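Down below is the structure, laid out as structure tokens.
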Amino acid sequence: MTQNSTTPIPPVATEGQDPRYADVDIWPVASVLDALVESQMSAIAAVRAATPALECAVNSALPRLLAGGRLFYVGAGTSGRIGMQDGVELLPTFGWAPERLVLLLAGGRNAVHQAAEGAEDREDVARSDIMAHDPGPDDVVLGIAASGSTPYTCAAVGAARAVGSLTIGIACNRHGRLLDVAEQGIAVVTGPEVISGSTRLKAGTAQKAALNLISTTLMIRMGHAYRGQMVDMRVVNAKLRQRACRMVRNLSGCTERQAFDALEATGFNVKRAVMIRSGIPMDQVEALLVAHDGNLRSILGQAGAPRQAVNGPE
């Protein structure tokens with residue numbers, strides 16, 4: 001929508017200049033670092049203030065994802081790359097299925113390694129990009145934009161909302177268009193940067209923290225964590241094998257040898273290994289996982305669940 005020339009345009013707070021930092025280029029290094037640290041702390045404070053909106057987003061997204069929906073991350077530039085990082089890390093950390101993750105960055109893959117600033121203006125490309133993935137009512141679309149006005153992000157989110165997807169917009173400017181385009185807008189207001197307009201600084205921190213809170217809480221509520229452990233972690237190297245072994249030992253009380261044997265028997269799947277070492281027969285593991293939607297606490301706490309001593313001979 002084109003604004004009338006007489007209509008005042010709300011200031012973009014993230015593009016403002018804080019007079020406190022006008023001479024930052026001649027400050028001692030220690031003072032520069034202190035200012036940057038202070039700004040990072042204020043970013044986290046802004047995220048904490050947005051906790052009620054984050055809670056609403058999680059509660060709205062959870063039933064859709066439990067029904068098999070996908071997670072979409074949409075953004076441009078720094079915001080888009082922050083979204084990609086958050087999304088990609090769900091795969092190894094929580095065992096999130098790759099086919100249930102869609103990452104859209106203005107400018108495509110080339111924009112991951114180099115700036116493609118002009119791409120963020122292409123609303124037509126944004127609509128085409130997201131509709132190519134056929135978003136539906138069970139899908140959750142996270143749009144991220146520091147200014148809240150990025151055309152690519154707004155257009156993609158608007159297109160997904162039009163077909164019934166849950167759309168959540170995260171912006172660091174209270175008047176951002178994205179907050180209105182999305183079904184649920186989350187304002188994480190960070191204000192001017194130490195270096196004016198460089199939203200890779202505290203705005204970037206705030207966006208990453210907000211996404212961390214949303215995605216991690218969703219994974220916890222969906223049963224991908226148990227007793228503070230990453231029980232759906234993908235075990236892909238020696239370090240993670242050791243971590244998996246420690247998790248099985250801690251969660252079931254077995255010995256290291258027993259933990260390793262259970263992991264080998266389950267293809268190094270922590271959740272299944274814990275079930276076995278908790279006394280659940282191997283031939284019942286898969287059925288219980290299905291019946292309890294993969295929730296280990298529910299499985300181990302169910303009435304009459306098979307149990308046996310877990311510290312028998314190695």
Side-chain angles (χ1 to χ4, degrees), residues 51 54-73 86-102 136-140 142 166 168 211-236 240-241 243-254 258-311:
T51 300
L54 295 171
E55 179 185 8
C56 184
V58 169
N59 286 335
S60 298
L62 189 58
R64 298 177 188 241
L65 297 179
L66 287 172
R70 294 168 293 174
L71 262 177
F72 285 63
Y73 288 77
D86 191 78
V88 165
E89 290 176 349
L90 299 181
L91 278 60
T93 305
F94 297 109
W96 190 251
E99 62 271 18
R100 297 184 66 190
L101 178 67
V102 178
D138 287 334
D139 293 326
V140 177
L142 297 167
L166 173 65
I168 299 166
L211 289 174
N212 264 339
L213 294 179
I214 292 172
S215 62
T216 304
T217 305
L218 282 170
M219 295 300 112
I220 291 171
R221 299 298 293 173
M222 293 181 72
H224 295 295
Y226 171 63
R227 298 185 66 84
Q229 303 284 312
M230 301 180 290
V231 289
D232 277 328
M233 174 189 76
R234 292 186 178 174
V235 183
V236 295
L240 295 179
R241 286 191 172 206
R243 181 184 295 170
C245 195
R246 287 196 302 273
M247 280 196 278
V248 175
R249 291 183 64 189
N250 290 339
L251 294 174
S252 70
C254 68
Q258 290 169 333
F260 190 82
D261 287 347
L263 284 165
E264 278 201 320
T266 58
F268 274 82
N269 183 283
V270 174
K271 184 177 284 184
R272 289 167 173 80
V274 170
M275 291 172 68
I276 290 172
R277 291 311 315 161
S278 296
I280 296 173
M282 177 74 89
D283 61 2
Q284 295 182 24
V285 167
E286 299 308 318
L288 283 170
L289 285 169
V290 171
H292 293 264
D293 294 321
N295 190 300
L296 189 54
R297 183 178 292 274
S298 175
I299 292 168
L300 298 182
Q302 71 167 343
R307 293 298 176 122
Q308 64 185 36
V310 294
N311 276 320

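No experiment lies behind these values; they were computed from the predicted model shown.
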Ignoring hydrogens and geometry, is there a side-chain-to-backbone donor-acceptor pair from [X] to [Y] under 3.5 Å?
| X | Y | value |
| --- | --- | --- |
| D139 | R70 | yes |
| T266 | L263 | yes |
| N295 | R297 | yes |

Nearest heavy-atom neighbours spanning [X] and [Y]:
| X | Y | value |
| --- | --- | --- |
| M233 | L240 | CE-O, 3.6 Å |
| V285 | M275 | O-CE, 3.6 Å |
| T216 | N212 | OG1-O, 2.7 Å |
| Y73 | G87 | CE1-CA, 3.5 Å |
| F94 | H224 | O-ND1, 3.2 Å |
| L166 | A57 | CD2-O, 4.5 Å |

Could you name each residue pair satisfying salt bridge (charged side-chain N to carboxylate O under 4.0 Å, His left out) that touches residues 263-273, not counting sequence neighbours?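 Residue pairs passing salt bridge (charged side-chain N to carboxylate O under 4.0 Å, His left out), neighbours aside: D232-K271, R272-E286.
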
Would you check, one step at a time, whether the test salt bridge (Lys or Arg N to Asp or Glu O under 4.0 Å) holds for D138 with R64? CA-CA 5 Å; D138 287 334; R64 298 177 188 241; over 6 Å; no

Could you check if a side-chain atom of [X] sits within less than 4.5 angstrom of a side-chain atom of [Y], using non-hydrogen atoms only?
| X | Y | answer |
| --- | --- | --- |
| I214 | D86 | no |
| R243 | R246 | yes |
| M282 | I276 | yes |
| L300 | V274 | yes |

Could you state the interatomic distance from [atom1] ([X]) to [atom2] ([Y]), rounded to the nearest 0.5 Å?
| X | Y | atom1 | atom2 | value |
| --- | --- | --- | --- | --- |
| S215 | L71 | OG | CG | 8.0 Å |
| S60 | E55 | OG | CD | 10.0 Å |
| R277 | L251 | CZ | CG | 13.0 Å |
| D261 | C245 | CG | SG | 9.5 Å |

Walk me through it: do R234 and L91 pass the test side-chain contact (heavy atoms from CB on, under 4.5 Å)? CA-CA 8 Å; R234 292 186 178 174; L91 278 60; 4.0 Å; yes

Go through the steps for Y226 and V270 under the test side-chain contact (heavy atoms from CB on, under 4.5 Å), then give the verdict. CA-CA 11 Å; Y226 171 63; V270 174; over 6 Å; no

Audit row: L142, F72, side-chain contact (heavy atoms from CB on, under 4.5 Å) steps and yes/no: CA-CA 6 Å; L142 297 167; F72 285 63; over 6 Å; no

For a side-chain contact (heavy atoms from CB on, under 4.5 Å) check, start with the C-alpha distance between R100 and L65, then their side-chain angles and the critical distance, and finish with the verdict. CA-CA 9 Å; R100 297 184 66 190; L65 297 179; 4.2 Å; yes

